[in-house]
Asker: 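If you scroll down you'll find the structure; I have some questions about it.
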Amino acid sequence: MSGGNLNSVKIDQIQTLEMELRFFTTFLKYHHVLLPDSLVIITKKAQLIAEMLHSVLGRIPNEYQIKLNIERLVSQLRELTEGNTSLRYKYEFNDSNLLEYMDCLNKNLNDVPMCVDRSDLSFKNEKLILQENRFSKQVKILQKKMRFLRYLYATEIRGYVDHEKLECLEILIQFMANDVAQFCLAVWVNDGDEVDDDIASDEVDDYLGPVEDEDEIDDILSRPHYLLCLIALVELEIKKIFLGELKASKFTQSRNFKDKKLPKEFSKHLYNLLMYLRNKKMENFCNNVYARNIDVEIEFLLVFLSDVPNRFINGKRVNEILEKAGVLVGDVLCVIQKIIPSSIIKDDSSKINLFTIQILEKTENLKAQVERYYTSFKFIPSQFPTVGGLSFLVSLLKKMNEMLKLESGLNLMIKPHIVILERELSYLNSTFRDVEKVHHEHEDILRATINLAYEAEVAIDSIIVQYNGLWHLFCSLPSIIKEIRHISVKLTEMRLKNSPLKPFSMVESSKHIPDQNHNSFMNDEDIVGFGIVAEKMIHSLTRGTNALDVIPIVGMGGQGKTTCARLLYNNEIIVSHFDVRAWCIISQTYNRKELLQDIFSQVTGFKVKVDEVGELADMLRKRLLGKRYFIVLDDMWDGMAWDDLKLSLPDGENRSRIVVTTRLEKVGEYVKHHTNPYFLPFLTLKESWELLQIKVFQKKSCPSELYDVSLEVARRCKGLPLVVILVAGIIKKKMEESWWHEVKDALFSYLEGFVQNVESGRLEEAAEGYLTDLISSNVIMVSKRGRYSGKVKYCQVHDIVLHFCLERSREEKFMLAVKGNYSNFKLSDWKESRVSFSFSNELSEIASKTWKPFHQHLRSLRMTLIKGEVSNWNSFSQFSKLRLLKVLNLSSHIVGRLSSATLQPLIHLKYLAVCARKFDFHPESHLPHIETLIVLCPFRRTVLPPIFWKMKTLRHVEINHAVFDLKNNKKWISEESSKLENLRILKQVAIKIGGDDNVDVLLRTCPNLQELEIGILCDEDSVEICQLESLTQLQILRLSIDSFRLNVSKLHLPSNLKKLVLWGARIESIVSSIARLPSLEYLQLVLPTFIQLKEWCLGDVTFHKLKLLKLEYLNISRWDASEESFPLLERLVIKKCHELEEIPLGFADIQTLKQIKLVQCKNKSLEASALKIKEEAEAIGGSDIIDLIVKVVAQLAMSENIQAAVLLHPSFVSVDDFKEVDAPIAILGAEIDHLSPPELVKQFEEILSSKPEVDSFVKIYPGVAHGWTVRYNVEDEKAVQSAEEAHQDMLNWFAKHVK
């Protein structure tokens, strides 16, 4: 269109091209701000713009082409698109360059509103239109401020001040300008409209596309606030220059520098800038004293900016304080920019160190001002639970020791406080463990110390997570230290007054007995029924044979053995009769050396450090020689403990005595010498009632209206003192007859014992030990065990125990449980650090709308839904504010999308369980203390990034559909520093391998795994998997293989493997190696493939220790094996093997075989072979030794050919069996049925109720047992009636549904 004029070309085309070319001019000239990703985008943009220019050149008059310098720009574009441009990322600025740079950016800022207006950022909804209007105003303010800064720098400062004094200002200007450039770049590359409607092609339509990420849109629209913060930093530096170097300037006294109003959210943006600078510093700073000082100052500024007081500090406005903080942040920015490798500023270290010292001085001045403000407040301690006692104190000391080893800026900042705390608490801890006689004031001191220790942990953790950090740093933590020091001084004075004191711990029941003043479950006034017992035993202890005598006290848990022994131990006659006394608790797990040291310290009055146990035993024996000693060995569980101690307890023929308390009669018989075991009698009804009166009414008499029911309650306690005391603690809450009757009626069983404080190096073993202790003490009951392992799966407690535990936890402020009723949900009323909520879905919705901030000291939060409900309430925005949380379980609440970045503030988390439709691991953020990570993500795969291998504390990981990307993570997982040595359980993860990738490369990073569930995804043919034997501690392996292409012939399994589940493997190539595993007891094969189709021949392969064999979805018809193949097999389970014709007859000769179970197997010949094996085994053994289980009814109800089904007293049916039922089904259960108890039948009913398309009927018949419809006494009228009623219900059901 040569020779045309401007009127023939659309004006907006020219304007658009001018704007595009202005942006290009900036980023071609100042491409140091470009990142590799943005370069790719600009290259694509350049290609499109180049095409547009060629299209419109013919329609633009020559004079305008010359004006726009089109030829030069086309050449530059061509160079960029062809990759010929060499970008200089280390662009060096001089004064002129900096001014030109700001001029270009000024033009770009002028274009930004137009660019946004015509881009996909401009959505046509009211909210974004308002946001866009505010955005345009902010950009104009930004542009105006930048122009004024340029004017000041160019005309009023440059040339008037020594260049050396302008270094920091120029660094700040360039840093600010670079961020403005990045902002302009982000707006420009997200311009998605067509530039020219007439020439728009498909390529132009794809011109970078719309911005789809709302977070990215919000980031762009909110960016001017941050840039205004950077400009404020430049202004503060300019103010400093004018006030210091240009006092005579007219601007020095101008309003620009007086009462300057800081930008909105200045502290927030300063904080974000400082976080960025801290990361830069970590990457580039050398580790010297100046660097550590900078670390400390950065951490203080971060704490300060996250917790700036809302109004005034020492009478001055916060604005003034924030100005000081802004100046400091600017100084830190200058120092860090000086030492960034890509920085163009060259400076020697001495100048940087001098500048660092100046920053330190300024920070200390700010710190002093803030400290004066906070020290004016009074610290009032909270009431924390004393549960844990000295054990918590030990854990806190360990935590502080670990912190002292680290040299992060935050730890260095609070290190002076931690050093003092660690020293004082260590002294108190050792003192409490050594003091013999404890009066009530000692107990108060201990309680106060433990409470202050909890306060100290909260203060330290709060500073770390920057929650009320200034308050804790300058008020609470110094006050706590002051109080602890006061306790140390007081306790020292008390010890000096009572010197010499014999070692004796009054608080740790696992070590020593409490004396008569100790606040335990039983006080001296509670010693009811032991008077006569004590008199008899005192006679045995002080009279009789001169030889050493051991007197056992035998009784049930809770019967009063320890109480009786304590009564003897503290009796004045005993105290005066013996030269020395000692008391120690043995328990089920004990350490011989610790026991010997314990006794030695009590009989000598001092501790001794001896490495050899034999030497220590001999020292104790020598110390006891010639002395008449009395020793109580409490809670002995086996004779080995006595064997370990008896050689150290000499017989001096001086009537020394030893009392042993035990629950086991055989232990009493084993240890006795001259006196037979004393079997402790139960309390009589009268004694039980008396004890109940003491605990409930103290010295008052029982009200007449409660007399009868109190007698009944006492009778139900079965003569056990501990049960009496526990029940008394429950019933005394309400002095109402109805409540007492309710407790009496619920008291079907008794409570027994408490868990001893077992120490263990491994958390899982320690937890299992605690559980075993509770079960053996009958405090909790096992409701279900694993059929193979025998390990506990589910537990329950009696209602009385539950009520007691909840009451005690409320009293101790240990835990709060809120269930179901929204009226109970009053967050302002509770102060517990552990909370458990159980909500209905409706309540979750209410709570989400009326939510108030949680108690900020919360340590553990568990939220569950009432059974059968699901919630979509996204509560993470609330919970991420609870920065002190250690335990968070929200697995009942499913959210759409969750990122680990959302949880980043919760750095103290040790246990996390969540449920999300999509879970993203943020590539940089991780939880530094997490030990258990459970992510239920049933719908999409979760790719684990390299940062996962830096989560050193992990012990248990379970993530649905988690995928390890070996190819991209190989560099990370091959590093020695990436080992997850604490990881014990890894479940539901998959590894994608191919070519040279081997699973062992990954597993070497998890050397201590004990349980592994993993799927192998392979990309190539004949990929090999091998060398799993490196996992020497692995006991349970579930291995799934997605393709027959994976070669498992060289699969080497760990020798300690006990349980193996294989999915989809070519079994014939590895069956021999599996059989050779010396410890294998459980083998499950699911969907295995066979080289010889339809047949599996074991030949001479023998599984020597296998106890359970489970086969699922085998596609074979013939199985060849003998009794020699499985000599110790106990259970055989075959599921959905529809083509398998029979079980090898040789199984009848396996003497250990107890059960054959067939599940959903269609072939009748298979069932017939199982029955034949059962009959032959019975013929050989002469009894019903094999339990044959064939699941029929529930499985038939899944078939299209079945119209209706009835289950009478069901056997060996699980909840899963009912999930696929399609036919109408009735379940008639018995109240007394160990195979399908009413609780299980209720679960069947819940599953069926969730399937409205399936008609169902469930009924539990009262007072009848399993088999009541077929095996009943015809002479029992009630039994006949119940059976006939069930038969009629069955007939009615069939009449209703069978056509």
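Computed from a predicted structure; not experimentally measured.
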Asker: Counting only N and O atoms by type, is there a donor-acceptor contact under 3.5 Å from the side chain of R883 to the main-chain atoms of Q466?
Answerer: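 Yes, because the side chain of R883 sits within donor-acceptor range (under 3.5 Å) of the backbone of Q466.
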Asker: Considering non-hydrogen atoms only, spot the tightest contact between I220 and F135 and give its length.
Answerer: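 Nearest heavy atoms, I220 then F135: O-CE1, 3.5 Å.
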Asker: With rounding to the nearest 0.5 angstrom, report the CD1 to NE2 distance, I907 to H929.
Answerer: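 These two atoms lie 7.0 Å from each other.
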Asker: Can you tell me how far CG of L322 sits from CG of L305, rounded to the nearest 0.5 angstrom?
Answerer: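 It is 7.0 Å, given to the nearest 0.5 Å.
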Asker: Nearest 0.5 Å, please: how far is CG in L262 from CD in E320?
Answerer: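 If I round to the nearest 0.5 Å, the distance is 10.5 Å.
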Asker: What residues form a side chain to side chain contact (heavy atoms under 4.5 Å, CB included) with C168, not counting sequence neighbours?
Answerer: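 Side chain to side chain contact (heavy atoms under 4.5 Å, CB included) check on C168 returns L172, E237, D331, C334, F355.
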Asker: May I ask you to check whether over 12 heavy atoms, not counting those of K107, lie within 6.0 Å of atom NZ?
Answerer: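 No, NZ of K107 has 12 or fewer neighbouring heavy atoms, counting only those of other groups under 6.0 Å.
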Asker: Donor-acceptor pair, H472 side chain versus I460 backbone, under 3.5 Å?
Answerer: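 A pair under 3.5 Å: no.
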Asker: Are side-chain heavy atoms of Y153 and V234 found at a separation under 4.5 Å?
Answerer: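 The answer is no; the side chains never approach within 4.5 Å.
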Asker: Go through the steps for I298 and L277 under the test side-chain contact (heavy atoms from CB on, under 4.5 Å), then give the verdict.
Answerer: CA-CA 9 Å; I298 287 177; L277 293 174; 5.5 Å; no
Asker: Which residues satisfy the ring-ring contact (aromatic ring centres under 6.0 Å, His included) test with F23, sequence neighbours excluded?
Answerer: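 If we apply the ring-ring contact (aromatic ring centres under 6.0 Å, His included) test to F23, skipping adjacent residues, the hits are W188.
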Asker: Can you tell me how far apart CG (D103) and CE (M146) are? Round to the nearest 0.5 Å.
Answerer: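 Interatomic distance, D103 CG to M146 CE, rounded to 0.5 Å: 9.0 Å.
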Asker: Quick one: ring-ring contact (aromatic ring centres under 6.0 Å, His included) partners of F948, sequence neighbours excluded?
Answerer: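 Per chain and number, F948 pairs via ring-ring contact (aromatic ring centres under 6.0 Å, His included) with F964.
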Asker: Compare all side-chain heavy atoms of L927 with those of T953 and state whether any distance is below 4.5 angstrom.
Answerer: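 Not touching, per the 4.5 Å side-chain cut-off.
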Asker: Using the rule given for side-chain contact (heavy atoms from CB on, under 4.5 Å), can you reason through K324 versus V370, listing the C-alpha separation, both sets of side-chain angles and the distance that settles it, and then say yes or no?
Answerer: CA-CA 12 Å; K324 291 185 177 182; V370 176; over 6 Å; no
Asker: Atom CE of M102 and atom CG of L105: how far apart are they, to the nearest 0.5 Å?
Answerer: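 Between atom CE of M102 and atom CG of L105 there are 8.0 Å.
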Asker: Check this for me: F377, atom CZ, are more than 12 non-hydrogen atoms of other residues, nucleotides or ligands nearer than 6.0 Å?
Answerer: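 More than 12 within 6.0 Å, yes.
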Asker: Please walk me through it: do L273 and F175 pass side-chain contact (heavy atoms from CB on, under 4.5 Å)?
Answerer: CA-CA 11 Å; L273 172 60; F175 187 88; 3.7 Å; yes
Asker: Within the distance-only criterion (no hydrogens, no angle test), does the side chain of H225 pair as donor or acceptor with the backbone N or O of E265 below 3.5 angstrom?
Answerer: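 No; judged by distance alone, with no hydrogens or angles, the pair does not exist.
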Asker: So which heavy atom on E323 is nearest to which on K239, and how close?
Answerer: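 Scanning both residues completely, I find the closest heavy atoms to be OE1-NZ, 3.2 Å.
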Asker: Looking only at non-hydrogen atoms, find the nearest pair between I481 and I420 and report the distance.
Answerer: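 The pair with the smallest heavy-atom distance is CG2-CG2, 3.5 Å.
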Asker: Which heavy atom in R158 sits nearest to a heavy atom in L166, and how many Å separate them?
Answerer: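 Shortest heavy-atom separation between R158 and L166 comes out as CA-CD1, 4.5 Å.
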Asker: In this structure, are over 12 heavy atoms from other groups packed under 6.0 Å from K367 atom NZ?
Answerer: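 Enclosed.
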Asker: Take E299 and D295 through the test side-chain contact (heavy atoms from CB on, under 4.5 Å) and record every step on the way to the result.
Answerer: CA-CA 6 Å; E299 294 303 332; D295 282 338; 5.5 Å; no
Asker: Between Y101 and N178, does any side-chain donor sit less than 3.5 Å from a side-chain acceptor?
Answerer: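 Checked: Y101/N178 side chains pair up, N/O donor to acceptor below 3.5 Å.
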Asker: Are the side chain of D307 and the backbone N or O of G469 linked by a donor-acceptor pair below 3.5 Å?
Answerer: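 Flag set: sc D307 to bb G469 pair under 3.5 Å.
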Asker: For I414 and L473, which heavy atoms make the closest approach, and how far apart are they?
Answerer: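 Taking every non-hydrogen atom into account, CG2-CD1, 3.9 Å.
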Asker: Just so I know, are the side chains of K240 and L236 near enough to count as touching, which here means a heavy-atom distance under 4.5 Å?
Answerer: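 Answer no - side chains too far apart.
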Asker: Can you establish whether the number of heavy atoms outside K415 located under 6.0 Å from its atom NZ is more than 12?
Answerer: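 No - once you tally the heavy atoms of other residues, nucleotides and ligands closer than 6.0 Å, there are 12 at most.
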Asker: Roughly how far apart are Y226 OH and K268 NZ, rounded to 0.5 Å?
Answerer: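 One gets 12.5 Å once the value is rounded to the nearest 0.5 Å.
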Asker: For a quick test of reading the model, state the closest non-hydrogen atom pair linking V112 to C184 and the distance between them.
Answerer: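 In this case the closest contact between V112 and C184 is CG2-SG, 4.1 Å.
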